[in-house]
Chemist: 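Would you mind keeping the following structure in view while I ask a few things?
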Amino acid sequence: MKRKQILASTSLLAIFVLLLTNCKPKSDSDEETLLLLAAAASRICANSSFTGTTVVNSTATLDTNTDCITGMTSSMSADLPAWIRNNFKCAVGSVSGSNYVFRAQNIPNNKSYYFGSNSPMYETLAAGKTPAGTNQISSQCLVYSIPSNPAEKSGSKTGTQSGYVSVGITVNGLAIFNNAAAPGDVLASEVSTFDKFNGHPQNTGVYHHHSQPLNVSNDNANLIGILLDGFPVYGLLCDRNTVAPGDDAAPGTGTPALDSNHGHTAATVLFPSGIYHYHYAYDSTATTNTLIGSFFHGTPGTISN
Ligand SMILES: [Zn+2]
Ligand SMILES: [Zn+2]
């Protein structure tokens, strides 16, 4: 084979390998292959067949049609249940066997200090807040695989702090973190670094919410997202299976109180026959509303980046 043909077929092979492995880091020591994989990685993680054009902070704008950053793909496949199809966006959702799969660039569809001051999506922090170092939002290749038939895990529950990139995805395609801060820090002090929508990025650029995503839910009963174990997440209040917001109430009022994992089983408008679901609730240690303590109610699926 001529060198050009060899390179072309190597590229195809590299792309194929990546497609199979969901952008997992390679341990391959072949430098040329690694270079090809690196070149292909940005296209595979964030091209039109997955999450759309890679977002560049300095040119990021909001697409008023999709309400997502311009160029990002926002699509939910027709075989997803209505509660996901009709509520989730700014990610690519599909069904694979007994799992829902979400691919997300994880870029917020709201302004943030953490886009950087040269971005059209930049805004200052609220008065009294302090920046989280020089951390900035950057495009990710988050792939969530979440069980579509969630059930309570019998026996001992799985911890939420076992190195997960994220414990769930919001309806606007963003990472959900639990109530723990990065090691060496406490959430109560990280609260001072949140942007006006309660989010901030890790040092690797993963934008996330430990507290209510204010772009989605602000002390109300809105659906916020889904956790890795397949159970839905709501705001501070439970809608108690009525559309009118007047009788929305904190869990424990007309519904069972929250368990130690911030969840309870009750009927909601989206799940009229009842389902276990999580709620945000005030956490006096963190001095903010947080989600989920140390354990998942069900068996978590997987996440890679
Ligand atoms: Zn954080
Ligand atoms: Zn509830």
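Read the numbers this way: they start at 1 and go in the same order the structure lists the ligands and their atoms. Here the structure is a predicted model, which is why all the values come from computation and not from measurement.
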Chemist: Any chance the side chains of Y113 and N135 put a donor and an acceptor closer than 3.5 Å?
Modeler: no

Chemist: May I ask you to check whether H297 and F231 place their ring centers less than 6.0 Å from one another?
Modeler: yes

Chemist: Judged by modelled atom types alone, do S96 and N99 share a side-chain donor-acceptor pair under 3.5 Å?
Modeler: no

Chemist: Do F102 and I84 come close enough that some side-chain heavy atom pair is under 4.5 Å?
Modeler: yes

Chemist: May I ask you to list the protein N, O or S atoms found at less than 2.8 Å from the Zn ion (ligand 1)?
Modeler: H200 NE2, H208 NE2, H210 NE2

Chemist: Please name the atom of H279, limited to N, O or S, that comes nearest to the Zn ion (ligand 2).
Modeler: NE2

Chemist: Report the atom name of the nearest N/O/S atom of H264 relative to the Zn ion (ligand 2).
Modeler: NE2

Chemist: Give the cluster check for L142 versus M76: same hydrophobic cluster or not, with ILVMFWY residues linked at side-chain heavy-atom distances below 4.5 Å.
Modeler: yes

Chemist: With the side chain counted from C-beta on, respond yes when Y234 and T268 share a heavy-atom pair under 4.5 Å apart, and no when they do not.
Modeler: yes

Chemist: Out of the N/O/S atoms in H277, what is the name of the one closest to the Zn ion (ligand 2)?
Modeler: NE2

Chemist: Quick check on the 6.0 Å ring-centre criterion: do Y278 and Y280 meet it?
Modeler: no

